[in-house]
Amino acid sequence: MSAPNLTRTHWLIIIIAAIGFLFDTYELLMTPLVAAPAISELLKVPMNNPLVTSWVGRLLWISALCGGVFGLLGGWLVDKFGRKTIMALSIFVYSFSPFAAAYSTSLGMFVFFRSTTFIGVCVEFVAAITWLAEVFQDKHQREKWLGITQACASLGGIFVTAISFWISTHAADMPLMGLPTALGAATAGSWRYLLMTGILPAIPIAMMLPFVPESKVWLEKRASGQLKRPSFAMLFAPELRRVTIVTAVLSACAYGVAFGALQVTVARVTPGLPELKEQSKALAPLRKEADGLNAEFNKLAAEDPARKEILGKIKENFGKQRPLIEEVKKMGDKVQFHQEMGGLVGRILLAVLLIVGISRIKLLRIFQIPALIILPLTYFVFFPQGGNAFLFAYALCGLVTVAQFSYFGEYLPKVFPLHLRGTGGSFATNVGGRMIGTSMAFVTTSLVAPMLAGDGPLLPLHIAKAAGIVGLTIAVISFLVGFFLPEPKDQPTD
C-alpha cells in the first residue's frame, strides 16, 4: 500500500520541525561564540583573564544542569498538556532568552538567560520528536520525516558560524538598538548582536502554528478519559524498567563521546597539531607572561590606579599574541567544519537507512561498531600526524556520534506508551544525555588529562590522549549496553 500524499498541513509540520531542530543546534552553539567576550565585558577584565576561562566552564555546567532538570520536567508537561503546546512554548523560550541575554548588564543576568535557552532546547527536542511521531499516521512517512527533519540540526552549527562571521565584520556599522556598550566604546559588542538573532525561529513558527494540529491520538485519548496520568515512577515499572535504564545509558554514552572527546578537540586539542607547532612554541612564553600579569591584575582593587598600567601591559601582550591566535583559530574553524560536515552526513545516512527499513538494533550497530575503531585511531594515531588524515578521521567521529542523536530521536517515541512518551524520552535525553553525558568534558580535561600530564604542564597532547581514552571507554560501554536494547514495537499505546 502506497503512502498517502502529503497535504499542506503535513508540509507545515515538516517545516516547523525542521526549523525547530535547526535552531536547537544554532542556539546551543552560540555559547562557545559569545561566552568569553560576554563574560570579559560583564566582568570588566581582559579576555585572557583566568576568571573568564573559569566562568565559561561554570556557564556550561550550570546551563547543562538546568537544561537536564527542567528538560525532564518538560517531558512530563508534554504528556500532561500536549505535544504541540509545549513544543511551541519551548521554542518561544529559547527564542526570546538569547534576545534578552543580548541586553545583559550583569554576569548573573547573562548566565540566567543562557540557562533558560538551554532549558528551551532540551524541552523542544523531546516535544518535537513526540509530536512528529504521532502526527504522521503512515509508518514509512513518519520514519522518513523524523530522520530528514532531524538532519536539519546539523545545519544549525554551519548557520550560526556564518552569521557570527557576518556580524563580526559589520557590527561597527549596525544600529545600537538600546544595547549596552562596553566601557569607553561607542558600539555594542558583536556578541550581543549574535544573541539577538536567536529570536529568528519565533517569527515563522508563530505564523504557522495556528495551522497545524495537536497529536490526534493524544487528543482522542484525553477526550475519551482514557489518557493515563504521566508519572516518573511509571518509567521504572517492571515492563518499562529495562528500556528506561538502557536508553538513558546509551544516550549518556552518545553525549559522553560528543562532549568528552569531540567538543574538547577544537579548543584544547587543535593547538597541538603538527601544523601549529611554530605558533604554539611562540605563544607559550607570551601566555606565561599574560598569566603573571592577569594574576597581578586580579589582586588589585577595582579602584586601584595601578590596574590601568597593568591592563596596558596585558593589552600589549595580547597584541603580540593576536596574529598567532588567529592562525590557531583558523585551524580550529577548519577542524570544527569537518565535525559539522561529518555530523550532517551521519544524520542524512541515518535518514536513508530508516527509509530502507533496517531493524533498529542493527541500525544502532552500524554506528557503534565503527566508533570502536575510529575514535582511538583519531586521537592515538592520526592526531600526532595531523594533516588531512586527522581531519577526515575527525569527520568520521562526528558522523558515527551525531547519527546516534538522530537514532534516539526516532527510537524513543516507539518504546514508551502514549502517556509516557514525553516523560520517557525526556528521561533518556536529559538525565542520561544532558546531565550525565555532558559531564564527560570535565572528566577528560580535569581528571584524565592531568593524570597523563603528571607534574608537568597540561599540553594538547595530554588532552588528545585523554579524549581518546574517554571516547573509547564510552564506545565500549555503549556497544555492550546495546545488547540489552529491545527491538521496538511500532507505536506502543496504553
Side-chain angles (χ1 to χ4, degrees), residues 18-19 22-49 52 56 59 91 94-107 109-111 113-114 117 121 152-207 266-267 270 315 318-341 344:
I19 292 173
L22 186 152
F23 276 94
D24 275 1
T25 309
Y26 183 97
E27 305 285 6
L28 290 184
L29 291 185
M30 275 188 187
T31 300
L33 296 172
V34 304
I39 293 169
S40 172
E41 180 179 322
L42 294 170
L43 288 181
K44 298 180 175 61
V45 298
M47 188 110 62
N48 61 353
N49 193 289
V52 175
V56 168
L59 171 64
I91 289 174
Y94 81 49
S95 298
F96 287 99
S97 291
F99 188 85
Y103 288 86
S104 296
T105 54
S106 68
L107 181 59
M109 181 179 176
F110 177 73
V111 171
F113 283 115
R114 288 313 295 160
T117 301
V121 169
C152 293
S154 288
L155 298 176
I158 300 169
F159 190 32
V160 73
T161 302
I163 294 294
S164 175
F165 177 78
W166 186 89
I167 287 175
S168 65
T169 57
H170 294 83
D173 302 320
M174 296 176 74
L176 198 56
M177 293 183 285
L179 291 170
T181 59
L183 185 65
T187 59
S190 59
W191 63 271
R192 295 185 185 273
Y193 291 107
L194 181 59
L195 284 169
M196 292 182 78
T197 64
I199 203 170
L200 292 176
I203 301 169
I205 286 176
M207 296 172 64
V266 176
T270 299
K315 289 181 178 180
F318 188 72
K320 296 176 182 177
Q321 289 191 46
R322 186 184 295 276
L324 300 169
I325 291 174
E326 285 299 318
E327 291 300 314
V328 175
K329 185 178 182 301
K330 285 179 184 178
M331 179 56 72
D333 291 341
K334 192 174 182 180
V335 171
Q336 179 70 36
F337 177 77
H338 278 75
Q339 180 197 312
E340 296 293 343
M341 287 296 99
L344 177 59

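This structure is a prediction, so every number in the text was calculated from the model and none was measured.
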ask   = At their closest point, which heavy atom of Met30 faces which heavy atom of Pro98, and how far apart are they?
value = SD-CB, 4.4 Å
Considering all heavy atoms, the nearest Ser104-Ala101 contact = OG-O, 2.6 Å
remark   = Residues at least two apart in sequence or cross-chain that pass side-chain contact (heavy atoms from CB on, under 4.5 Å) with Leu200, listed by chain then number, are Phe23, Thr197
All side chain to side chain donor-acceptor pair (under 3.5 Å) counterparts of Asp24, not counting sequence neighbours = none
inquiry  = Test your reading of the model: is there a side-chain donor-acceptor pair from Ser97 to the backbone of Tyr94, 3.5 Å cut-off?
reply    = no
ask   = When rounded to the nearest 0.5 angstrom, what is the spacing between CZ in Phe159 and CG in Leu29?
value = 13.0 Å
request  = Apply side-chain contact (heavy atoms from CB on, under 4.5 Å) to Thr161 and list each qualifying residue two or more places apart in sequence or on a separate chain.
outcome  = none
note = Taken to the nearest 0.5 Å, the spacing of Leu195 CG from Phe99 CZ works out to 10.5 Å
request  = Mind listing the closest non-hydrogen atom pair of Ala188 and Leu176 along with its distance?
outcome  = N-CD1, 3.7 Å
request  = Starting at CD1 of Ile167, measure out to CG of Leu194 and round the result to the nearest 0.5 Å.
outcome  = 5.0 Å
ask   = Heavy atoms, side chains only, cut-off 4.5 Å: are Tyr103 and Pro180 in contact?
value = yes
key: Whether Thr25 side chain and Gly157 backbone form a donor-acceptor pair below 3.5 Å   = no
key: Least distance between heavy atoms, Ala100 atom then Met109 atom   = O-CE, 3.8 Å
request  = Output all residues satisfying side-chain contact (heavy atoms from CB on, under 4.5 Å) with Pro204, sequence neighbours left out; order by chain, then residue number.
outcome  = Ile19, Met208
request  = Check for a donor-acceptor pair, side chain of Thr169 on one end and backbone N or O of Trp166 on the other, with a separation under 3.5 Å.
outcome  = yes
message = Looking at every non-hydrogen atom in both residues, tell me the closest pair between Phe110 and Ala35 and how far apart they are.
response = CZ-CA, 4.3 Å
query = Partners of Arg192 by salt bridge (Lys or Arg N to Asp or Glu O under 4.0 Å), sequence neighbours excluded?
reply = Glu41
With a 3.5 Å cut-off and sequence neighbours excluded, list the donor-acceptor pairs that the side chains of residues 328-337 form with protein atoms.
| unit_1 | atom_1 | unit_2 | atom_2 | d |
| --- | --- | --- | --- | --- |
| Lys329 | NZ | Asp333 | OD2 | 3.2 |
| Gln336 | NE2 | Glu340 | OE2 | 2.8 |

key: Met341 and Ile158, any side-chain heavy atoms less than 4.5 Å apart   = yes
Short side-chain to backbone donor-acceptor contact, Ser164 and Val160, under 3.5 Å = no
task = Output the distance between atom OH (Tyr26) and atom SG (Cys152), rounded to the nearest 0.5 Å.
result = 15.5 Å
request  = Calculate, to the nearest 0.5 Å, the distance between atoms CD1 and CZ belonging to Ile91 and Phe96 respectively.
outcome  = 11.5 Å
